[in-house]
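In what follows, a single structure is set out as structure tokens and then discussed.
Just so it is clear, the model here is predicted, and its values are computed rather than measured.
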Amino acid sequence: MTLDVAWAVDWVRRSAQTVIEHRDELIELDRQIGDGDHGENMTRGFTAVVAKLDALDAAPADIGEVLKLVATTLMSTVGGAAGPLYGTAYLRAAKATGVPELDSQGVVALLEAALEGIVARGKATTGEKTMVDAWTPATEAAVAAADSGASPADVLSAAADAAHEGAEATIPLVATKGRASYLGERSAGHLDPGARSTELILRAAAQAAE
Amino acid sequence: MTLDVAWAVDWVRRSAQTVIEHRDELIELDRQIGDGDHGENMTRGFTAVVAKLDALDAAPADIGEVLKLVATTLMSTVGGAAGPLYGTAYLRAAKATGVPELDSQGVVALLEAALEGIVARGKATTGEKTMVDAWTPATEAAVAAADSGASPADVLSAAADAAHEGAEATIPLVATKGRASYLGERSAGHLDPGARSTELILRAAAQAAE
Amino acid sequence: MAAVKKLINDPQTVVAESLEGFGAAHPDVVTIHSDPWFVARAGGASAGKVGLVSGGGSGHEPLHGGFVGVGMLDAAVPGAMFTSPTPDQIAPAIQAADSGAGVLAIVKNYTGDVLNFETAAELADAEGVTVRTVVVNDDVAVEDSLYTAGRRGVAGTVAVEKIAGAAAERGYDLDAVAAVAEKVIANVRSMGVALTACTVPHAGKPSFDLPDDEIEIGIGIHGEPGRRRIPLAGADEITEMLLTPVADDLNLAGGEKVLLFVNGMGGTPASELYVVYRRARALLEERGVEVTRSLVGNYVTSLEMQGASVTVLRLDDELTALWDAPVHTTALRW
Amino acid sequence: MAAVKKLINDPQTVVAESLEGFGAAHPDVVTIHSDPWFVARAGGASAGKVGLVSGGGSGHEPLHGGFVGVGMLDAAVPGAMFTSPTPDQIAPAIQAADSGAGVLAIVKNYTGDVLNFETAAELADAEGVTVRTVVVNDDVAVEDSLYTAGRRGVAGTVAVEKIAGAAAERGYDLDAVAAVAEKVIANVRSMGVALTACTVPHAGKPSFDLPDDEIEIGIGIHGEPGRRRIPLAGADEITEMLLTPVADDLNLAGGEKVLLFVNGMGGTPASELYVVYRRARALLEERGVEVTRSLVGNYVTSLEMQGASVTVLRLDDELTALWDAPVHTTALRW
Ligand SMILES: Nc1ncnc2c1ncn2[C@@H]1O[C@H](COP(=O)(O)OP(=O)(O)O)[C@@H](O)[C@H]1O
Ligand SMILES: Nc1ncnc2c1ncn2[C@@H]1O[C@H](COP(=O)(O)OP(=O)(O)O)[C@@H](O)[C@H]1O
Ligand SMILES: [Mg+2]
Ligand SMILES: [Mg+2]
Ligand SMILES: [Mg+2]
Ligand SMILES: [Mg+2]
């Protein structure tokens with residue numbers, strides 16, 4: 001089994017839907033330890049992405065084209081920290097997936113490229129209470145699943161599960177990157193909004209692959 | 001029975017005490033239909049009056065001297081509408097009482113002069129929801145009491161009672177003078193703060209005469 | 001009474017401490033007199049120039065102290081919070097502003113301000129100063145009638161002070177300065193809205209209680225409730241409720257030129273004031289009125305109140321030139 | 001979500017409508033570009049002058065649009081409320097500001113601002129514009145460490161923009177303008193306090209919940225909670241909590257000259273800012289430090305937040321002269 005461009009389009013549409021559904025929750029998480037805009041930023045970005053998708057003359061040729069559209073649209077509409085971070089993630093993922101279909105190792109390559117992009121831009125490592133704390137275990141879980149022969153759908157499902165765990169695990173952390181770091185010790189006890197949006201997006205990927 | 005300068009000093013001290021005690025109530029009344037400062041203004045003024053009295057080298061010679069001290073001090077410390085109005089009231093009253101002792105007709109003359117001063121300054125007539133609505137019935141009641149042979153203490157007591165009635169009667173009125181007039185119909189249903197402070201001051205006069 | 005949540009030390013000292021800070025921050029523009037309290041131009045009265053004095057309760061900053069300086073006021077007299085100053089403050093300020101050419105007192109139409117300035121003018125007159133008084137009454141929310149206290153003076157006061165100040169600087173004599181001030185007063189109208197009340201320090205609680213979904217239309221600048229309370233509406237709709245009575249009262253006709261002034265009540269973000277400005281300007285343009293001058297900002301405030309007022313001044317060439325004339329105060333400068 | 005009590009029509013349109021109003025009110029100073037949104041000087045880039053561009057989330061007005069004009073910025077890029085603008089807004093603004101002498105980007109130290117400006121600089125560079133970037137990080141409330149996002153950029157940004165702007169106007173080349181901007185950054189520190197939270201329009205509720213008798217010390221300008229929450233105190237005491245870490249971090253010594261800047265967070269009355277100024281100045285004087293320049297007002301705000309920040313800039317002759325140089329923007333003018 002492999003994932004094709006239809007999966008990519010479905011992933012993006014599901015991402016938009018789940019981000020919009022969780023807009024208020026993401027705002028509230030960001031209000032606790034940031035500036036309360038993450039849900040609004042992601043909603044604005046993914047709404048624009050869907051509008052761009054809808055406006056395409058021809059169906060996108062490959063997964064890479066879809067991801068590139070997401071990358072440039074998020075970059076130009078989200079702003080804040082999340083805009084460049086997710087933008088770079090999708091841009092690197094697009095470059096890693098210039099192929100018509102993805103097998104399990106292809107999915108791993110996509111996730112690894114995205115994570116590398118985020119780290120290259122944001123310079124965060126794990127434990128700093130950022131989206132990296134969701135992306136890193138997600139990527140690791142994907143590697144393990146793919147290495148044990150799981151299908152692309154199962155690889156994504158494992159990634160989403162691990163992203164969930166990773167996001168929850170940000171709660172006790174004291175932030176040392178991003179806006180939450182200004183709070184010092186007071187940032188502990190709250191879930192990182194970017195980690196939560198990461199989890200939502202990876203869950204959407206898994207569901208699109210089901 | 002007549003009232004002397006000791007009464008005048010006692011009146012002023014009692015006025016200060018009652019105004020200070022009712023500071024918050026006067027603020028609240030003014031907050032309803034004005035700008036919430038009447039209690040503060042009167043407290044500031046009468047606190048200064050008492051300080052001036054305390055600082056006098058020699059006891060005041062006559063009632064007029066006491067009232068003039070009140071007039072100039074209120075004029076220079078109260079501000080707002082109440083400052084010039086009460087200031088003029090006491091100034092006119094001082095002029096009308098350049099005598100060592102006041103009999104009942106002398107008390108009437110004091111009140112009439114005060115009322116005339118307020119009207120001369122503020123150009124309000126009765127029914128406009130101002131302190132004039134307390135001073136006018138007070139003065140009328142004083143005239144009636146004095147004419148029927150009441151003592152100065154009873155004249156003042158009648159005046160205070162009438163001021164109370166007059167103040168209560170401002171509640172349904174729509175203000176057409178002073179700050180409350182800006183509210184139009186919305187000024188109805190509230191007691192006028194200046195009418196209330198008038199009542200307090202006249203009650204202090206009666207109690208000082210007891 | 002619970003301590004009120006403000007950056008103050010004590011409600012009794014806030015006005016004095018604030019004036020001290022103001023004087024320390026701007027010694028090149030103002031000098032603070034402390035006994036009695038008033039603000040005068042650094043350097044004192046200019047020989048031969050008509051003096052301009054205004055004043056009123058504190059809590060409306062930058063009005064009036066922020067408008068003391070070249071091209072505007074010579075002195076400003078601050079009362080206690082929301083309370084007119086007393087004659088014995090005003091009279092010395094008038095004297096300080098006089099250089100022999102007389103003094104124009106610019107008074108906002110409140111019983112307290114009018115009465116205290118009246119007495120002060122008598123006192124100054126007794127000291128040989130010629131004083132003329134103009135009374136600003138631009139607030140169309142209030143019915144103007146012979147049988148009431150009349151309309152309040154609100155944000156339009158800035159235009160009166162600026163334009164009369166420029167006239168005085170140009171050498172107009174006292175009658176002429178008074179005449180141009182009266183011309184501004186005759187041609188300026190305002191109306192305001194409050195989204196929240198304000199808290200006078202000594203009162204310790206909000207000036208009125210307003211539910212989260214209601215606003216007060218037709219408020220003054222002393223935290224008084226307005227003429228009516230209405231449900232919260234969009235900025236465009238609210239702006240129309242403010243602009244329409246202003247423009248109607250001025251009888252504005254197509255082709256006329258105006259100054260449009262959107263004033264913040266103290267706690268409204270600048271971004272919102274520009275949203276109001278945008279709509280007010282569009283409404284004027286729909287009437288064929290040309291907005292040739294603009295002012296947007298917090299100039300006549302009610303402490304931390306959220307809300308705004310819209311002021312329109314009908315301009316002619318004289319008023320426009322005087323508006324454009326140089327001004328160097330702490331709050332207005334060009 | 002209940003409608004939020006603001007003078008806006010819609011959280012989605014408030015930034016655009018506000019910019020439209022801003023442009024309409026001040027056509028002599030700024031031109032508004034709408035696709036993408038940025039504010040540029042009316043008249044465009046001056047030939048041969050280094051261009052200055054800044055930007056950041058909206059909601060801090062007058063920062064940055066209010067500082068566009070002669071002697072300060074060439075362009076300002078507003079993001080959504082409290083959200084950094086995007087590279088495709090910033091890059092055209094940089095290009096518009098360039099007249100061939102290169103552009104200095106003044107960026108406040110937030111991950112979002114830094115990343116978006118970084119990408120924009122790459123884009124502009126690809127179009128042949130030489131871009132240098134300085135990052136303002138004056139907030140001493142935040143620990144500055146190699147292992148964190150570092151200190152935030154807050155009110156000190158005004159000093160950087162003013163002084164670098166004057167340097168550019170005087171003909172300094174790009175390296176020299178960047179050097180003087182870095183000198184300001186090295187010598188400016190700030191710290192802020194919030195008495196109330198602010199409400200971002202799209203969030204619809206206050207940025208934090210603060211009891212009536214508590215305040216947040218060490219806040220930024222995005223409605224984030226501060227470093228710690230303390231019981232309400234008097235203005236003098238609070239001012240000391242702000243000024244002391246600022247002066248300590250600057251290692252101010254007796255005899256040094258400084259600019260003292262008391263900034264309002266948007267909803268604080270001017271009278272209170274001067275109470276803070278008064279105390280901050282006294283504390284500096286107690287240290288033997290001379291306050292030779294002052295600025296007091298709402299310049300870097302957090303919507304309608306009540307609170308203030310204290311900024312101190314160590315001055316030398318060059319910085320003083322550049323601070324004094326003429327400036328003509330909508331928010332700062334002399
Ligand atoms: N340096 C970084 N590396 C990775 N992720 C980061 C970094 N800084 C911030 N983030 C992520 O960005 C999220 C905040 O995004 P958002 O609220 O949209 O932007 P902003 O902080 O500019 O308001 C945080 O929850 C965190 O997960
Ligand atoms: N024209 C007037 N004539 C008589 N009394 C007046 C007049 N205007 C106002 N007052 C009285 O003054 C009172 C308000 O006083 P105060 O609150 O101290 O002054 P201000 O209205 O300036 O804040 C009113 O309650 C009213 O009784
Ligand atoms: Mg955020
Ligand atoms: Mg009052
Ligand atoms: Mg008053
Ligand atoms: Mg943000």
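- You'll find the side chain of V68(C) stays beyond 4.5 Å of the side chain of V29(C), heavy atoms only.
- Atom OG1 of residue T330(D) and atom NE2 of residue H26(D) lie 5.0 Å apart, to the nearest 0.5 angstrom.
- For the options M305(C), E17(C), E237(C), K5(C), heavy-atom pairs under 4.5 Å to chain D are most numerous at K5(C).
- Annotation: maximal heavy-atom pairing with chain D below 4.5 Å, among D212(C), D10(C), V193(C), T196(C), occurs at D212(C).
- The aromatic rings of H222(D) and H60(D) sit perpendicular to each other, their planes meeting at more than 60°, with 30° as the lower class boundary.
- Only the side chain of I238(D) comes within less than 4.5 Å of a heavy atom of chain C; its backbone N, CA, C and O stay farther away.
- Interface residue M81(D): only side-chain heavy atoms are found under 4.5 Å from chain C.
- Note on L232(D), D213(D), L19(D): by heavy-atom pairs under 4.5 Å with chain C, the leading option is L232(D).
- Both the backbone and the side chain of S271(D) come within contact range of chain C, each with at least one heavy atom under 4.5 Å from a heavy atom of that chain.
- In terms of non-hydrogen atom pairs under 4.5 Å with chain C, the most contact-rich of A24(D), A270(D), G297(D) is A24(D).
- Across every non-hydrogen atom of G23(D) and V30(D), the tightest pair is CA-CG2, 4.3 Å.
- Interface residue Q306(D): only side-chain heavy atoms are found under 4.5 Å from chain C.
- Of the listed residues R281(C), E61(C), E20(C), K6(C), the one with more heavy-atom pairs under 4.5 angstrom with chain D than any other is K6(C).
- With a 4.5 angstrom heavy-atom cutoff, I8(D) touches chain C via backbone and side-chain atoms both.
- Interatomic distance, M72(C) CE to F67(C) CZ, rounded to the nearest 0.5 Å: 5.0 Å.
- Interface check for chain D: of the options S294(C), P269(C), G234(C), P62(C), the most heavy-atom pairs under 4.5 Å are formed by P269(C).
- Heavy atoms of P78(D) lying under 4.5 Å from chain C are absent altogether.
- Both the backbone and the side chain of A308(C) come within less than 4.5 Å of a heavy atom of chain D.
- Residue contact with chain D, scored on non-hydrogen atoms closer than 4.5 Å, involves the backbone and the side chain of D236(C) alike.
- Contacts of P211(C) with chain D are made by backbone atoms alone, with heavy-atom separations under 4.5 Å and no side-chain atom involved.
- Note that CG of L295(C) and CG of L332(C) are 6.0 Å apart. Values are rounded to the nearest 0.5 Å.
- Looking at L63(D), there are no atoms closer than 4.5 Å to chain C (heavy atoms on both sides), in backbone or side chain.
- In terms of heavy-atom proximity, E216(C) sits nearest to I219(C) at CB-CG2, 3.7 Å.
- For the residue pair H64(D)/S54(D), the side-chain donor-acceptor check at 3.5 Å is satisfied.
- Heavy-atom distances place no part of H328(D) under 4.5 Å from chain C, backbone and side chain included.
- Ring-plane geometry between W334(D) and W323(D) is classed as tilted, the angle between the planes lying from 30 to 60 degrees on a 0 to 90 degree scale.
- Both the backbone and the side chain of L210(C) come within contact range of chain D, each with at least one heavy atom under 4.5 Å from a heavy atom of that chain.
- Contacts between A282(D) and chain C at a heavy-atom distance below 4.5 Å are absent for every atom of the residue.
- Across every non-hydrogen atom of V275(D) and A235(D), the tightest pair is CG1-CB, 3.7 Å.
- Within the 4.5 angstrom heavy-atom criterion, atoms from both the backbone and the side chain of N9(D) approach chain C.
- The distance from atom OG1 of T239(C) to atom OH of Y277(C), rounded to the nearest 0.5 Å, is 12.5 Å.
- Of the two parts of V276(D), only the side chain, counted from C-beta on, holds a non-hydrogen atom closer than 4.5 Å to a non-hydrogen atom of chain C.
- Between V300(D) and V158(D) the shortest side-chain heavy-atom distance falls below 4.5 Å.
- Judged by distance alone, with hydrogens and angles left aside, the side-chain atoms of T157(D) form a donor-acceptor pair with the main-chain N or O of V154(D) at under 3.5 Å.
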